[in-house]
Amino acid sequence: MKSILENLNEVQREAVQQTEGPVLILAGAGSGKTRTLSYRVAYLMDSNKVDPAHILAVTFTNKAAREMRNRIEALVGNRLSALWIGTFHSICARILRIESEHLGYSKNFTIYDVDEQVRALKKIIGLLSIPQQLYSPKMIQNRLSRIKNQFLYPEDREQGKPADELDIYMPDIYRRYQNYIIENNALDFDDLLMKPIELFERFPEIRKKYANKFKYVLVDEYQDTNHAQYLFIKKLVSGHHNICVVGDEDQSIYGWRGADINNILNFSRDFPDAKIFKMEENYRSNGKILAAANAVVENNKARIGKKLWTNKPAGDKVSLFCAVDDREETKHIVDIIHDQMFTHKRSFKDMAVLYRTNAQSRIFEDALRKNAINYTIVGGVKFFERKEIKDLLAYLKLIVNPHDSVSLKRIVNFPLRGIGEITVNKIEKFAEIENIILFEAMGRVDEIAAISPAMGARVVEFYKLIKSFIGLSSEMSPVELVSTLASETGILNHYKTEYDQYESESRVSNIRELFRSVEEFTEEKNKDGKPATISDYLEEVSLLTDVDTWNSNNNAVTLMTLHSAKGLEFPVVCITGMEMGVLPLQRNTADMEELEEERRLLYVGMTRAQEKLYLSYAKTRKKFNNVVDSVASLFIDEIPVDLIESGTEALSQRETIKKNRSSARRKKIQSYFQAGQSSQEADSEFKIGQPVYHATFGKGKIKCLEGSGDKMKITVFFTDENIEKKLIKKYANLTPIES
DNA sequence: CAGCTGTATCTTTTT
DNA sequence: GATACAGCTG
């Protein structure tokens, strides 16, 4: 083990050896934090003779978990199946599978993703008299998720005064939604975090059991934990305080998802005896890249503060390219890739193209394909979110958990079997009266007077089909089950024959890919001597992240969002779309905290680069349907001029540029904050009775205004067409005119 | 009452 | 530029 410690620098070594008590490791980008965590676990086992079953390590993605496990196994020289490593969600799911009965769930509970949450919410919202149109189910899902991430119950929300009209309904929606998904034997992503805490609070002996099991707890990316995750960890370690968290406040980029940067900022207040280690030596990036990244992030106020340094060569300056439009920016990226290949002998996999929003990926995709450049996209339309895959998974979910009526309703009439919404509603009503689950009600459909025998026969046929698969699921291997399912239900055939050839081929090959994925999972699981079940597989795929499905060994240029890039590194990185409105992204309401999070996002992106960093922006960009003019991001003004090399600006002008930058930057910050208010100012141009012009409907008069800002709904009576239309301001493109 | 067709809706980041 | 939903038709 001594030789292992020699592979670490001094701070890393101290952090590894401080095994007892609370430890906070402030690890800058590229400072070797995964390495330190891995060594720490190996050290615990090797030097302190800690049984791996007593260690829990929480990572941000499954990919990071897998990598860390491999590293530790390499260090200690054997396979460690007893060691718990995983994301918060997968660790919590694992605990809940063991303890679910205490909370009124059965072991085979289903995990609902956002799409299924929304489906469940739509049903609930339908029962309530909420001023519809004003609040979309997606909005409600978002808000509910935030509430649950703060570990709040419906009754907590009833106290305190509501922030707006929707808030009045939230406790009721929350309570009904929760009852509904319990009936479905389902948990959503947020429940996975909440329920273990609830479990620990209601059953102290269970809390004790896990606190005793996990004598050493490690948490990676601590800056991105939310309140529920914080509580979970706190309860787990309350006895022994052997907690080691690693994080970097400058890389906190999930505030919008409820992550609380204060968890890391206040760690030493929560654990007053905490030992703090600062890892400031960067082993990843060349000097100039690091200096540029430092210069940007230093503008943030909400930080503990550290100064990264490196022993690596200074390297090249950061390249900046100003394109006329987004097409030219794309062409520039293609040129960079060619140049890096031919003059610097790099391969595709050395390069990454990063952007703020997934929508920006399409234009790069097209260009790379045309230029025969291999690429992989992380995120965007995810494999497991494709319709054909979700359909098959819904069948599997129903077979594993017949209580799951959200999945049932998804597939009851797919492929078409003549069972429509009205029939389902009747059965649902019957199920409520009889107090049975929807699936069982289908087996007793003959008792429902309102359903004709002919329709009843179809329903029973579906019921029997699923029943037979429930029987088969214990006899067949997961792969056999899935492939039999695809052919017996007619799904495979449906996709083979319907649609045009191109679409059909891609859908069928996706289904084949799913078979392969099931097979691979089963094999992997069997290696550890545990027979894999469909239920295990479903859990695995519901908790996958985008990055988890990314194969870094493929020789391809990687395209992904700045968020997805966290934790990764590439020799060459291109950050695109560096304009006001894109990075930082323009929202309706802007505040300083959000601007700082955007700045951290760029910092994360810049520090991914090892040897060469390219920044680019476009003066005009196609957004929605029209072309938008934009100016360079204010963050560009924060990078010292001597670290930038720009093909478009003459070097002699550097001094003048230097002078103008700080005032330019100030103006941009102002405009960023004013943009939110300007929509309110703009509201004033729309009043009831105001004549307006619309590109498709012609002239009209405003009849009614609802809501405010970009989401304002405007009802217009169009005189030319003699029709009334309800339009959303943001998309309608209405122009006020003189009458 | 199921199933198709056209129109409205919407793009922030993700477990 | 895709998807969801409403409204129409058989």
Side-chain angles (χ1 to χ4, degrees), chain A residues 58-62 86-93 111-115 117-119 122 133 136-139 141-142 145 148-149 187-193 221 224-226 228-229 252-259 354-363 366 378-382 384-385 387 412-426 450-452 454-455 458 503 541-548 560-566 577 581-588 594 597-598 600-601 604-605 622-625 696 710-711 713 725-728 730-732:
Chain A
V58 187
T59 57
F60 200 69
T61 64
N62 294 293
T87 61
F88 272 104
H89 288 85
S90 67
I91 299 281
C92 287
I111 298 171
Y112 279 172
D113 64 13
V114 175
D115 181 57
Q117 278 178 60
V118 170
R119 281 166 190 260
K122 273 186 193 159
Q133 321 298 47
S136 69
K138 183 79 240 252
M139 250 167 99
Q141 183 274 326
N142 237 317
S145 182
K148 291 169 82 172
N149 280 170
L187 293 156
D188 63 26
F189 284 147
D190 310 311
D191 288 329
L192 291 179
L193 302 177
E221 308 282 10
D224 283 322
T225 51
N226 61 35
Q229 291 165 332
S252 160
I253 53 175
Y254 285 94
W256 53 272
R257 200 170 82 184
L354 309 181
Y355 36 78
R356 176 66 240 263
T357 65
N358 279 310
Q360 287 163 256
S361 71
R362 164 160 271 117
I363 185 164
D366 291 344
V378 178
V381 195
K382 291 152 220 163
F384 289 101
E385 279 172 24
K387 188 185 177 300
V412 66
N413 204 25
F414 183 83
L416 298 175
R417 20 176 104 81
I419 308 170
E421 207 188 317
I422 291 160
T423 308
V424 174
N425 284 343
K426 285 177 188 164
I451 291 176
S452 71
M455 182 61 73
R458 293 181 200 165
E503 196 179 339
V541 301
S542 349
L543 300 179
L544 280 181
T545 44
D546 289 336
V547 189
D548 294 332
M560 62 179 150
T561 62
L562 288 159
H563 280 91
S564 301
K566 188 166 86 157
V582 179
L583 183 62
L585 192 77
Q586 194 63 64
R587 297 167 172 81
N588 293 331
E594 282 172 345
E597 184 153 312
E598 296 288 312
R600 289 192 291 267
L601 195 51
V604 167
K622 242 180 131 173
K623 264 190 207 168
F624 311 112
N625 267 334
T696 10
D710 278 351
K711 286 198 178 131
K713 289 186 170 48
K725 289 262 168 197
K726 207 176 217 181
L727 305 152
I728 291 183
K730 193 171 162 189
Y731 304 102

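When reading the values below, keep in mind they use all heavy atoms of this one structure, side chains included, and skip hydrogens, waters and symmetry mates. Order of the sequence lines sets the chain letters (A, B, ...), proteins ahead of strands, with each chain counted from 1.
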Collect all protein-nucleotide pairs involving nucleotides 6-9 of chain C in which both atoms are nitrogen or oxygen and the distance is under 3.5 Å.
none

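- Stacking between A/F88 and B/dT15 is absent: the aromatic ring centre is not both under 5.5 angstrom from the base six-membered ring centre and within 30 degrees in plane angle.
- Interface remark: the A/W256 side chain does form a donor-acceptor pair with the B/dT13 base, using a distance-only criterion of under 3.5 Å.
- Judged purely by distance below 3.5 Å, without hydrogens or angles, the side chains of A/S145 and A/D190 pair a donor atom with an acceptor atom.
- For A/R119, the side-chain hydrogen bond (donor to acceptor under 3.5 Å, both in side chains) partners at least two apart in sequence or on another chain are A/D115.
- Remark: A/S564 pairs with A/T561 by the side-chain hydrogen bond (donor to acceptor under 3.5 Å, both in side chains) rule, at least two apart or across chains.
- Applying the side-chain hydrogen bond (donor to acceptor under 3.5 Å, both in side chains) rule to A/T423 yields no partners; only residues at least two apart in sequence or on another chain are considered.
- Comparing A/S542 and A/I422 along DNA chain B, the residue whose closest nucleotide (by nearest heavy atom) sits nearer the 5' end is A/I422.
- Every residue two or more places apart in sequence or in another chain that forms a side-chain hydrogen bond (donor to acceptor under 3.5 Å, both in side chains) with A/Q141 is listed here: A/Q117, A/K138.
- OP1 or OP2 of B/dT15 has not a single side-chain nitrogen or oxygen of A/S90 nearer than 4.0 Å.
- For A/K426, there are no salt bridge (charged side-chain N to carboxylate O under 4.0 Å, His left out) partners two or more places apart in sequence or in a different chain.
- Nearest-nucleotide mapping onto DNA chain B: of A/E597 and A/M455, the residue sitting toward the 5' end is A/M455.
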